[in-house]
Amino acid sequence: MRKVLSHPLAWPAIALLVLLVVNVIAQPEFFHLRMQDGHLYGSLIDILRNGAPVLLVALGMTLVIATRGIDLSVGAIAAIAGAVACVRIAGSADESATSTAIAACALALAVCVVLGLWNGFLVAVLGIQPIIATLVLMTAGRGLAMLITDGQITTVHNSFFDKISAGYVLTIPLAIIVALAVLGLTAVLTRRTALGMLVEAVGINPEASRLAGVRSRTIIWTVYVFSAFCAGVAGLMIASNTNAADANNAGLWIELDAILAVVIGGTSLAGGRFSLTGTLLGAMFIATLAVTIPNIGIPSETNYLFKAVVVILVCLLQSPKARAALRIRRRVTPTPVSAPEKAAA
Amino acid sequence: MTQMDVQAPDEGAPREQPDAVITMEDISIAFGGVQALDGVSLRLFPGEVHALMGENGAGKSTLIKALTGVYSIDSGRIVVGGEEHLFSTPAESLAAGISTVYQEVNLVPNLTVAENMFLGREPRRLGGIDSRAMNRQARATLQRLGIDVDPASVLGEHPIAVQQLVAIARAVDVECRVLILDEPTSSLDAGEAEKLFDVMRRLREQGVAILFVSHFLEQVYEVADRMTILRNGRLVEERLVKDTPRLQLVKLMIGRELETLERLEKETATSTDRAERPVLTAVGISRRGSLEATDLELYEGEVIGIAGLLGSGRTELARLLFGADTADHGELRVRSTKRRFRSPRHAIDRKIAFTSENRRAEGVVEDLTVADNMLLALQASRGWLRPIPQGTRARLVKEYMEALDIRPADPNALMRNLSGGNQQKVLLARWLMTQPEVLILDEPTRGIDIGAKAQIQQLVSDLSDRGLSVIFISAELEEVLRLADRLVVMRDRRKIDERHNAGVTVSDVMEIIAGEATAEAAVAEQEESRA
Amino acid sequence: MTTTTATPTGSTWGRIRSYAPTSRYLPVLTTLALLIGMFGVGGIRYDGFADPQVVLNLFVDNAFLIMLAVGMTFVILTGGIDLSVGSVVALSTVIAAWTLEHGWPPVAAALAVLVVGTLLGTVTGLVIHYFDIQPFIATLAGMFLARGLCFLISVESIPIHDKTFFDIAANQITLPGGYTITPTVIVAVVAVAIAAWVLARTRFGRTVYAIGGNEASAMLMGLPVARTKVAVYAISGFCASVGGLLFSLYMLSGYSLHAVGMELDAIAAVVIGGTLLTGGRGYVVGSMLGVLVLGTIQTFISFDGTLSSWWTKIAIGSLLLVFVVIQRVMTRRQP
């Protein structure tokens with residue numbers, strides 16, 4: 001039992017389970033899935049679908065945080081992605097053509113990659129603190145998105161674009177498939193190449209990594225680009241959901257939810273080891289929380305309160321000082337096996 | 001102040017001095033199972049500069065931290081001004097009149113000189129800080145110490161040396177009986193250090209007791225009256241500086257470990273052809289504040305041993321050769337092609353490898369697995385897009401784990417759970433995988449058990465037999481002499497001697513390090529007394 | 001004590017040197033120059049732009065933001081950040097409106113607001129210092145918490161009908177020359193003056209700078225680091241709640257969705273005002289100038305008429321970039 005509990009993913013998994021159980025108690029048919037017109041429906045599907053954008057953003061954020069960074073600009077980048085795609089579709093000769101939508105999405109993602117390069121340049125080359133460097137784009141980005149849409153909510157009519165959020169493939173909503181595909185892509189990118197290991201090395205011990213010859217500049221630059229790319233996909237999904245680009249509100253505060261998802265998933269804000277599965281659990285936790293609150297009869301606006309509580313709890317669990325305080329009270333936990341090396345002369 | 005009329009302790013026998021301002025008796029501190037201090041005593045008298053001497057791990061820092069309340073002692077007594085104290089916080093020690101100035105300037109660079117001196121005790125007028133009065137008082141104190149700096153200027157705009165002096169001014173401006181200077185000179189040049197000594201002498205005249213830690217023997221002989229020598233957490237001796245020849249001091253500091261390791265069967269460098277060009281050449285490389293212009297030539301299959309005390313420039317030289325720091329002047333040649341290393345990456349691409357003396361901060365990546373730690377350098381060379389195939393990974397890791405006898409033999413163990421010796425072997429494996437031509441090892445055997453130590457020494461010897469060129473740095477002279485084909489001795493940030501390691505004894509090296517004309521006589525005496 | 005009336009060489013020379021624009025004041029002077037430059041350009045391009053009333057209106061329209069920037073300056077000077085201030089403003093408006101709606105006297109309502117804001121800040125500070133949690137994440141929790149409390153009190157916007165509030169809000173103070181300001185401006189300016197004095201002339205203020213310069217050193221120098229760190233977040237919470245009161249006077253309503261993202265404006269103002277985000281350098285007056293720069297950008301856009309509102313954000317972002325890069329270059333030159 002102790003071994004299970006000491007697994008890094010145990011706590012987020014338990015938290016998610018607790019939420020699900022609460023839901024089932026409040027609403028016994030919570031787990032029911034039904035098939036209608038060849039599409040799956042049900043609360044779980046809704047959670048997955050609604051959680052997809054946050055999951056997408058959080059995946060990129062995970063890598064950024066693992067390098068001791070943070071990316072505040074993802075919400076703005078999502079808005080820009082939606083804006084570019086919608087304006088492009090709305091402005092093309094054949095608005096409803098599939099090829100138009102594909103070209104527009106590709107353009108939007110390309111723009112996001114450029115924005116990621118920009119963030120990476122500020123952080124990796126100029127050496128500006130990540131929180132400030134990405135604050136620049138967080139502030140200016142929404143302005144840029146509005147510039148692109150000319151301040152209007154640009155509505156588009158394109159069945160392919162609509163499908164990104166509303167479509168189904170093999171009875172499962174496309175949004176879920178896209179999110180899981182990006183999750184898979186991230187897993188391959190980090191665990192099948194050496195990116196994951198090098199990201200962790202840079203995050204855990206930057207100086208040792210430098211002396212081992214790791215090109216941390218390239219690594220850091222890469223993760224910001226990837227983060228922007230993920231934000232772009234999320235932005236397209238959000239825009240597709242409403243079939244419109246709302247430069248002001250698309251992806252608003254999604255960066256905070258994403259950071260929250262990463263932190264809940266057990267990746268420390270201090271960088272180092274990261275867990276994509278943890279991030280998945282974290283994102284699902286946030287999406288489930290949003291459903292749970294109205295489900296148990298509390299006004300959904302109080303969602304914020306619960307998030308605050310979760311943030312505080314997770315932080316305390318991760319804080320060595322708070323854990324030490326807890327340990328003194330319990331006296332159960334054995335002392336660490338290795339003696340602390342404070343005697344370095 | 002009554003301290004003024006106290007007889008200077010270096011005249012007459014200090015042991016008879018009745019009024020030591022600080023007496024530490026039988027201090028012991030253990031961390032975990034490691035005995036950091038074992039029954040160490042120290043006495044400080046008013047109006048003396050007292051040097052605390054010892055190599056790495058001797059216990060100097062621990063002793064100072066016990067005195068300043070950072071560590072609490074396990075046993076022993078600390079008497080300050082006749083009263084027994086038990087310091088548990090730095091503030092208590094400060095209140096007892098003990099001020100400390102550390103190697104890193106512990107001031108805030110963004111405030112002015114005067115503000116730094118008076119932070120927390122600023123003179124006030126009308127409820128607010130009276131900055132005029134503060135500047136005036138600061139100027140008076142600085143003048144008293146002969147420090148020429150404008151109190152209204154921002155501290156960070158001054159060189160480190162001046163900041164160091166300001167730190168001292170702050171320390172002595174509070175009611176200060178004892179001033180601890182913990183390696184204050186390690187980043188100062190000669191002229192700057194001289195200014196510091198002026199200030200120290202003035203303070204001595206004013207009756208302050210100064211505890212001085214420095215790795216530069218010259219400086220100790222220039223400014224200190226008495227010294228206490230520590231080794232491996234034990235007190236070696238308390239001595240008058242003027243009665244202690246340098247050679248003797250070096251011997252006391254370094255000591256001799258009974259050699260339990262069998263002598264390695266070493267093939268001398270004669271097996272390689274010296275006519276060929278060196279693998280790595282340094283011509284006059286230097287870096288301000290860490291190394292004076294130094295030349296070095298490293299040939300194929302050769303082991304160069306670098307001997308020297310801490311702070312002699314041995315580590316600094318290694319870091320410049322590897323591009324961990326960049327040289328201000330001079331040039332590097334790899335196989336006679338001129339190269340410029342702006343980062344370790346460049347050196348690694350030229351097949352140079354380096355393990356830092358600071359294994360924990362600059363070597364291991366604690367939260368990664370043993371396998372990842374081993375493969376880090378090789379993978380970094382390939383870039384993230386070309387991962388090492390799983391099969392190759394497993395094979396390489398297994399191969400090196402067996403070859404170097406790394407325990408536990410579990411590639412997925414976390415690096416933090418390995419012992420120091422095994423961590424060091426993993427780091428060696430990390431570099432050997434990149435198939436380097438030059439291997440620079442800075443204190444590879446420090447703090448590891450005797451078995452692992454012997455294994456690493458054997459490995460170095462084997463590698464050089466196979467044609468690898470090695471630069472081996474160690475504070476243990478026996479070890480250096482056992483492995484080196486050629487010996488380089490460093491002192492005060494420069495190379496002072498270089499010779500073939502044929503018939504060189506530890507005493508010879510100590511003599512060179514001590515740098516005394518009369519050293520030979522002392523050696524003879526020493527040999528005699530041993531026989 | 002013999003008071004030397006300044007040895008002629010030492011002190012005079014010293015004073016001359018300190019009056020040369022040292023790098024300490026350079027960022028603030030840059031911001032001031034920027035502000036004057038903007039007014040110069042505006043005055044040439046648009047009629048009535050350079051009118052003193054336009055300047056005064058900057059204060060009138062941004063009094064609450066000045067309050068936030070004042071509190072944020074304290075926090076950023078210690079090297080921290082406070083993301084919760086926007087939410088605290090919203091919470092303050094909601095508390096004010098709700099208490100007034102329930103018949104509390106205006107003074108009691110205002111006190112309730114101040115107590116809640118300060119308390120929230122204090123708790124955040126305690127968590128940051130004693131549990132060693134990054135300010136970013138701790139104040140993020142504070143941000144969620146304050147917004148959540150808003151919704152808990154009321155989801156709908158609550159109008160303020162209280163007579164006292166109305167009178168203060170409608171009150172115009174006429175300055176010589178016929179120019180007018182509101183009482184809120186006086187609150188904000190007084191706050192800036194007090195904060196500037198505290199930072200420059202008290203031990204607490206110097207400790208704030210010392211922590212931002214090097215927290216470990218400050219600790220070793222025996223300064224009350226813990227107390228000071230908690231205090232700056234309490235001050236930030238207090239300033240945010242005062243800002244919330246000013247904002248409720250400005251909007252005459254309490255609403256959970258007021259002041260969304262205002263913390264970013266406050267941070268931007270502080271950075272543009274020349275305060276180093278890593279802490280230790282900057283001035284409250286600079287932050288006030290930063291707020292005025294942000295206000296001027298908006299004034300520009302409203303005077304122009306052809307420029308769209310989004311240029312505000314782009315301009316703020318660009319200014320932020322310029323100042324951050326300047327800061328980076330400046331700190332890199334430090335030995």
**Q** Which heavy atom of A:A194 sits nearest a heavy atom of B:P387, and at what distance?
**A**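 Scanning both residues, the minimum pair turns out to be N-CB, 3.9 Å.
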**Q** Give the member of A:V199, A:L189, A:T218, A:T222 that has the highest number of heavy-atom pairs under 4.5 Å with chain B.
**A**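 Maximum pair count with chain B is reached by A:T222.
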**Q** Which one of B:G383, B:A353, B:P344, B:G420 has the most heavy-atom pairs closer than 4.5 Å to chain A?
**A**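 Going by pairs under 4.5 Å, I would pick B:P344.
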**Q** Side chain of A:R210, backbone of B:A324: donor and acceptor closer than 3.5 Å?
**A**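 Pair found, side chain donor or acceptor close to backbone of B:A324.
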**Q** Could you state the interatomic distance from CG (B:L368) to CD (A:E200), rounded to the nearest 0.5 Å?
**A**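 Reported to 0.5 Å precision, the distance equals 5.5 Å.
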**Q** Take A:T190 and B:W384 through the side chain to side chain contact (heavy atoms under 4.5 Å, CB included) test and state the conclusion after the steps.
**A** CA-CA 9 Å; A:T190 54; B:W384 67 268; over 6 Å; no
**Q** Side chain, backbone, both or neither: which part of B:R382 has a non-hydrogen atom closer than 4.5 Å to chain A?
**A**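 For B:R382, there is no contact with chain A at all, as no heavy atom is under 4.5 Å.
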**Q** Just checking A:R68: does its CZ atom have more than 12 heavy atoms from other residues, nucleotides or ligands closer to it than 6.0 angstrom?
**A**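 Yes, CZ of A:R68 has more than 12 neighbouring heavy atoms, counting only those of other groups under 6.0 Å.
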**Q** What distance separates B:D372 CG from A:M197 CE, expressed to the nearest 0.5 Å?
**A**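 That separation rounds to 4.5 Å.
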**Q** For A:N205 and B:A361, indicate whether the former's side chain and the latter's backbone hold a donor-acceptor pair under 3.5 Å.
**A**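 Yes, A:N205 side chain to B:A361 backbone: donor-acceptor pair under 3.5 Å.
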**Q** Give me the atom names and distance for the closest heavy-atom approach of B:G363 to A:A208.
**A**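 B:G363 and A:A208 have their closest heavy atoms at O-CB, 3.4 Å.
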**Q** A side-chain contact here means heavy atoms from C-beta on lying under 4.5 Å apart; do B:Q379 and A:V214 qualify?
**A**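 With C-beta onward as the side chain, the pair stays apart.
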**Q** Nearest heavy-atom pair of B:V365 and A:A201: which atoms, and what distance?
**A**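 Looking at all heavy atoms of both residues, the shortest contact is CG1-CA, 4.0 Å.
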**Q** Before you tell me yes or no, could you show the steps for B:R386 and A:T193 under side chain to side chain contact (heavy atoms under 4.5 Å, CB included), namely the whole-Å CA-CA distance, both residues' side-chain angles and the distance that decides it to 0.1 Å?
**A** CA-CA 7 Å; B:R386 291 196 304 134; A:T193 74; over 6 Å; no
**Q** Is it the side chain or the backbone of A:L198 that comes within 4.5 Å of chain B heavy atoms, both, or neither?
**A**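 When you check distances to chain B, only side chain atoms of A:L198 fall under 4.5 Å.
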**Q** Quick one: pull up CZ in B:R345 and CZ in A:R217 and give me the separation to the nearest 0.5 Å.
**A**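 Reported value, rounded in 0.5 Å steps: 14.0 Å.
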**Q** How long is the gap from CD1 on A:I204 to CE on B:M415, to the nearest 0.5 Å?
**A**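 These two atoms lie 11.5 Å from each other.
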**Q** Taking A:A212's backbone N and O only, do any of them form a donor-acceptor pair with B:R430's side chain (distance below 3.5 Å, no angle check)?
**A**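 Absent.
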**Q** Is B:I348 close to chain A through its backbone or its side chain, or both, or neither, when contacts mean heavy atoms under 4.5 Å?
**A**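 Side chain only.
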**Q** Specify the closest pair of heavy atoms between B:F354 and A:L211, including all atoms of both residues, with the distance to one decimal.
**A**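 Minimum heavy-atom contact is CE2-CD1, 4.4 Å.
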